[in-house]
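As structure tokens, the structure follows; a few thoughts come after it.
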Amino acid sequence: MGHPFPIREIARQAGLSEATVDRVLNGRGGVRESTAQEVQRAIADLDRQRTQVRLVGRTFMIDIVMQAPERFTTAVRAALEAELPSLHPAVLRSRFHFRERGPVGELVGILDRIARRGSQGVILKAPDVPEVAAAVDRLVAAGIPVVTLVTDLPASGRLAYVGIDNRAAGATAAYLLGQWLGDRPGHVLTTVSRGFFRGEEEREMGFRAAIRAQHPVRRLVEVTDSDGLDVTQYDLVLAALRDDPGIKAVYSIGGGNVATLDAFDALKRSCEVFIAHDLDHDNAWLLRAGRLSAVLHHDLRQDMRRACRVIMRGQGALPADTAPAPPSPIQVVTPYNMPPELVVSGNA
């Protein structure tokens with residue numbers, strides 16, 4: 001039974017004599033099983049309390065670096081700030097580096113500046129390209145743990161990925177869309193913000209594989225490179241709809257859903273099924289209005305809490321956890337089971 005605590009401290013915690021604790025720890029026998037369990041509980045209690053002592057007064061400065069539309073980064077910021085009290089007695093401060101689009105070199109520059117300046121950790125949403133992976137490796141070499149959020153960089157030295165199983169999410173979208181369209185004819189528009197985001201690529205692969213297996217004759221039409229922004233999404237979707245009058249449904253992988261529906265409206269076309277991701281402020285409004293069929297959602301607050309705890313483990317402030325973290329649960333949200341705070345406030 002490995003532990004760093006003196007027998008006297010364990011005995012005081014357990015309310016037992018030092019001789020009894022010594023017999024339990026050295027397996028000498030003559031001790032009831034319930035007493036042995038008391039010793040084990042005492043050690044566990046001491047370990048938890050030691051963790052709290054290590055955290056008291058500790059300030060962790062972390063950097064959140066994201067390339068994503070404003071509607072998503074706003075939701076991430078709100079989720080992190082809502083979770084800060086749950087991280088006490090540690091104090092966590094954050095610096096935000098958000099951008100909606102731009103060359104990879106600028107993103108690499110941000111990561112390299114953080115490496116030079118120093119940080120206790122980085123939470124990152126970025127394209128999966130060699131330049132970004134190399135910048136992550138430089139952060140890790142500088143002793144800065146990196147956690148990827150929503151979309152992964154598996155070839156880098158990042159400490160962990162936090163988010164959903166994106167392939168499973170894509171397959172879930174295919175299942176729902178197939179159930180709702182049934183045997184009715186109609187092509188499906190898939191919209192991707194950028195092909196360099198692994199999370200979006202995995203969603204699309206999961207979706208396509210499930211559609212091929214369940215509805216092999218259903219045609220898929222792809223729109224990409226909008227950065228998930230309404231200003232670019234509208235023209236791309238409008239052109240796709242004009243080229244293909246058979247499009248009847250949408251699986252939105254990368255966002256820009258207000259613009260997508262505006263394009264349908266401009267051509268007086270109906271969208272019979274629309275599956276989207278994430279309950280940001282746009283999607284919450286569209287879902288309440290009945291313009292979206294369902295949103296595949298995951299608890300961003302849980303994700304941010306988990307990412308911060310991974311960083312604290314990476315800094316040695318929490319005990320190591322060798323078990324890989326499971327993916328975040330995928331929630332299928334309709335207008336009838338929206339989280340209460342969205343129903344009341346209208347905010348994502």
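Just so it is clear, the values below take in all heavy atoms, side chains as well, and ignore hydrogens, waters and symmetry mates.
- Between the side chains of Thr260 and Asn257, no donor-acceptor pair of N or O atoms lies under 3.5 Å.
- Classification of Arg291 and Asp282 as a salt-bridged pair fails, no side-chain N sitting under 4.0 Å from a carboxylate O.
- With values rounded to the nearest 0.5 angstrom, Ser328 atom OG is found 8.0 Å from Ile164 atom CD1.
- Remark: the backbone N or O of Ser226 is paired with a side-chain donor or acceptor of Thr232 at under 3.5 angstrom.
- Applying the salt bridge (charged side-chain N to carboxylate O under 4.0 Å, His left out) rule to pairs touching residues 211-223 yields Arg208-Glu222, Arg219-Asp244, sequence neighbours excluded.
- The closest donor-acceptor contact from the side chain of Thr172 to the backbone of Ala168 lies under 3.5 Å.
- Within a 6.0 Å radius of CZ in Arg28, more than 12 heavy atoms belonging to other residues, nucleotides or ligands are found.
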*asked:* Could you walk me through whether Asp165 and Arg203 satisfy the salt bridge (Lys or Arg N to Asp or Glu O under 4.0 Å) test, starting with their C-alpha distance in whole Å, then the side-chain angles of each, then the deciding distance to 0.1 Å, before giving a yes or no?
replied: CA-CA 9 Å; Asp165 180 333; Arg203 291 176 188 177; over 6 Å; no

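- Between Arg242 and Leu267 the shortest side-chain heavy-atom distance falls below 4.5 Å.
- In this structure Asn26 satisfies the side chain to side chain donor-acceptor pair (under 3.5 Å) test together with Asp22, sequence neighbours excluded.
- Minimum interatomic distance between Cys308 and Leu92 (heavy atoms only, all atoms of both residues): SG-CD1, 3.6 Å.
- A distance of 9.0 Å separates CG in Asp278 from CG in Leu296, rounded to the nearest 0.5 Å.
- Residues Val250 and Leu177 fall into different hydrophobic clusters, defined by Ile, Leu, Val, Met, Phe, Trp and Tyr side chains chained together at heavy-atom separations under 4.5 Å.
- Ala294 and Val332 get closest at one heavy-atom pair: CB-CG1, 4.2 Å.
- Note on residues 127-140: pairs passing side-chain hydrogen bond (donor to acceptor under 3.5 Å, both in side chains), not counting sequence neighbours, are Asp112-Arg138, Asp128-Arg198.
- Atoms CG and CD, from Asp230 and Glu70 in turn, are 10.5 Å apart once rounded to the nearest 0.5 Å.
- Listed for the Ser94 side chain is no donor-acceptor partner under 3.5 Å among the backbone atoms of Ile62.
- Checked against a 6.0 Å centroid threshold, the rings of Tyr251 and His277 count as neighbours.
- Atoms CD and CZ, from Glu83 and Arg301 in turn, are 4.5 Å apart once rounded to the nearest 0.5 Å.
- Applying the salt bridge (Lys or Arg N to Asp or Glu O under 4.0 Å) test between Asp63 and each of Arg117, Arg93, Arg113 identifies Arg117 as the sole match.
- Distance CG/Leu176 to CG/Leu181: 11.0 Å, rounded to 0.5 Å.
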*Decide salt bridge (Lys or Arg N to Asp or Glu O under 4.0 Å) for Arg194 and Glu200; before the verdict, give the C-alpha distance in whole Å, the side-chain angles of both, and the deciding distance to 0.1 Å.*
CA-CA 8 Å; Arg194 283 284 164 185; Glu200 293 190 21; over 6 Å; no

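- Met312 places a side-chain heavy atom less than 4.5 Å from the side chain of Leu87.
- In terms of heavy-atom proximity, Val333 sits nearest to Pro339 at CG1-CD, 4.3 Å.
- Other residues, nucleotides and ligands contribute at most 12 non-hydrogen atoms within 6.0 Å of the OH atom of Tyr175.
- A distance of 10.5 Å separates OG1 of Thr74 from CZ of Phe96, quoted to the nearest 0.5 Å.
- Formation of a donor-acceptor pair under 3.5 Å by the Lys248 side chain with backbone atoms of Glu272 is not found in this model.
- Linking ILVMFWY side-chain heavy atoms closer than 4.5 Å, directly or via other members, places Val65 and Met61 in two distinct hydrophobic clusters.
- The local environment of CZ in Arg306 is crowded, with over 12 non-hydrogen atoms from other residues, nucleotides or ligands closer than 6.0 Å.
- Residues Met66 and Leu300 are members of one and the same hydrophobic cluster, defined by side-chain heavy-atom contacts under 4.5 angstrom among Ile, Leu, Val, Met, Phe, Trp and Tyr.
- Ion pairing between Arg99 and Glu106 holds under the 4.0 Å rule for side-chain N and carboxylate O.
- Closest approach of Ile275 and Ala173 over heavy atoms only: CG2-CB, 3.9 Å.
- For Met304 against Ala79, the heavy-atom pair with the smallest separation is CG-CB, 4.0 Å.
- Each of Leu189 and Val273 belongs to its own hydrophobic cluster when Ile, Leu, Val, Met, Phe, Trp and Tyr are linked at side-chain heavy-atom distances under 4.5 angstrom.
- Using a 4.5 Å heavy-atom threshold, the side chains of Thr148 and Lys125 count as separate.
- Proximity of Val39 to Ile10: side-chain heavy atoms (C-beta onward) are separated by under 4.5 Å at one or more points.
- Note: the hydrophobic cluster containing Phe197 does not contain Leu229 (ILVMFWY, side chain heavy atoms under 4.5 Å, direct or indirect links).
- When side chains are defined from C-beta on, Glu100 does not count as touching Asp227, because their heavy atoms never get closer than 4.5 Å.
- Scanning both residues, Pro69 and Gly228, for their nearest heavy atoms gives CG-O, 3.7 Å.
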